[in-house]
Amino acid sequence: TTHGQISNLENRAFISEYGGPASSIGALLDDNDGRVSKKEFLSAWKTSAVHNWTTDDVVAWLRSPDLNFPTDLSDKLARLFHDAKIDGTCFPLLAKLEQTFLKKLGIKQHLVRRKIALRSMDAILFGPPVYDNTIKGMDI
């Protein structure tokens, strides 16, 4: 598999998950062009609960079902993020698709960096993931 094929598959997966130009991201930001400008992105981040996350919050997110990394990988990532004191103020750096910040942290696997970038973008635009642990149809 060539790099171009992998990139093409990732792009199709991204479009499948997030929609095309007229996606819900544009609707979320009250923006009809379907694109998220840098200004809109940073505005969403500053008003997001993620902006105030501590390093421990970020480490908990790395270990969450949202990222769904195997335990050994999430342990390694947790150490990297904890040692670098990555908190919510760093999320725009995590979300950059060129992944230079993640490379500097020492994350070698492209798909791991890509997943962190996309999920951090989700967290900025849509807020922290919410996990519903209730059992459907049962009053507890």
Side-chain angles (χ1 to χ4, degrees):
T1 307
T2 67
H3 176 68
Q5 289 171 321
I6 290 172
S7 181
N8 211 4
L9 288 171
E10 288 174 344
N11 288 339
R12 278 189 289 194
F14 179 82
I15 289 168
S16 169
E17 186 167 346
Y18 299 101
S23 70
S24 59
I25 292 173
L28 172 78
L29 298 172
D30 294 325
D31 183 359
N32 294 325
D33 70 2
R35 297 178 188 262
V36 180
S37 71
K38 187 182 283 188
K39 181 180 177 186
E40 291 165 333
F41 185 75
L42 292 175
S43 174
W45 164 66
K46 287 179 181 177
T47 59
S48 170
V50 173
H51 183 269
N52 297 318
W53 273 4
T54 66
T55 299
D56 289 339
D57 293 329
V58 174
V59 167
W61 170 76
L62 281 171
R63 296 179 184 274
S64 74
D66 189 46
L67 284 138
N68 199 28
F69 287 129
T71 303
D72 60 332
L73 177 57
S74 65
D75 288 347
K76 288 177 187 175
L77 292 171
R79 279 191 302 276
L80 282 174
F81 277 56
H82 190 269
D83 292 348
K85 296 178 176 51
I86 304 301
D87 61 18
T89 63
C90 298
F91 262 63
L93 295 172
L94 301 179
K96 287 188 169 197
L97 291 180
E98 66 271 10
Q99 307 165 1
T100 51
F101 184 73
L102 294 169
K103 287 177 190 175
K104 286 180 184 177
L105 279 178
I107 302 170
K108 295 176 183 166
Q109 294 174 306
H110 172 73
L111 293 176
V112 171
R113 291 191 314 264
R114 176 88 172 184
K115 188 172 194 176
I116 291 171
L118 292 174
R119 293 295 186 237
S120 59
M121 191 180 302
D122 277 353
I124 289 170
L125 292 172
F126 302 110
V130 176
Y131 307 107
D132 185 2
N133 293 329
T134 60
I135 300 172
K136 302 291 181 204
M138 295 185 74
D139 292 326
I140 298 179

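Since we're looking at a predicted model, the values are computed, not measured.
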| task | Measure the spacing between CG of L73 and CZ of R63 and express it to the nearest 0.5 Å. | result |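 Atom-to-atom, L73:CG and R63:CZ are 10.5 Å apart.
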| R113 side, atom CZ; L105 side, atom CG - distance, nearest 0.5 Å |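 Spacing of CZ (R113) from CG (L105) equals 11.0 Å.
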Which heavy atom in [X] sits nearest to a heavy atom in [Y], and how many Å separate them?
X    : Y    : result
A117 : L102 : N-CD1, 4.3 Å
G127 : V50  : C-CG2, 4.4 Å
S64  : W61  : OG-O, 2.6 Å
S48  : A123 : OG-O, 3.5 Å

| Polar side-chain atom of D122 near backbone of R119 as donor-acceptor pair, under 3.5 Å |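 The answer is no, because no donor-acceptor pair under 3.5 Å joins these two groups.
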Suppose we screen for side-chain contact (heavy atoms from CB on, under 4.5 Å). Which residues come up paired with [X], at least two apart in sequence or across chains?
X   : value
T47 : none
N52 : none
K96 : E98

Which pairs of donor and acceptor atoms, one on a side chain in residues 76-94, lie under 3.5 Å apart (sequence neighbours left out)?
from: D87; atom 1: OD1; to: T89; atom 2: N; distance (Å): 3.0
from: D87; atom 1: OD1; to: T89; atom 2: OG1; distance (Å): 2.4

| task | Please test I116 against F69 for side chain to side chain contact (heavy atoms under 4.5 Å, CB included), starting from the C-alpha separation and ending with a verdict. | result | CA-CA 10 Å; I116 291 171; F69 287 129; 4.0 Å; yes
| task | State which residues pass side-chain hydrogen bond (donor to acceptor under 3.5 Å, both in side chains) with D56; sequence neighbours excluded, sorted by chain then number. | result |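 None.
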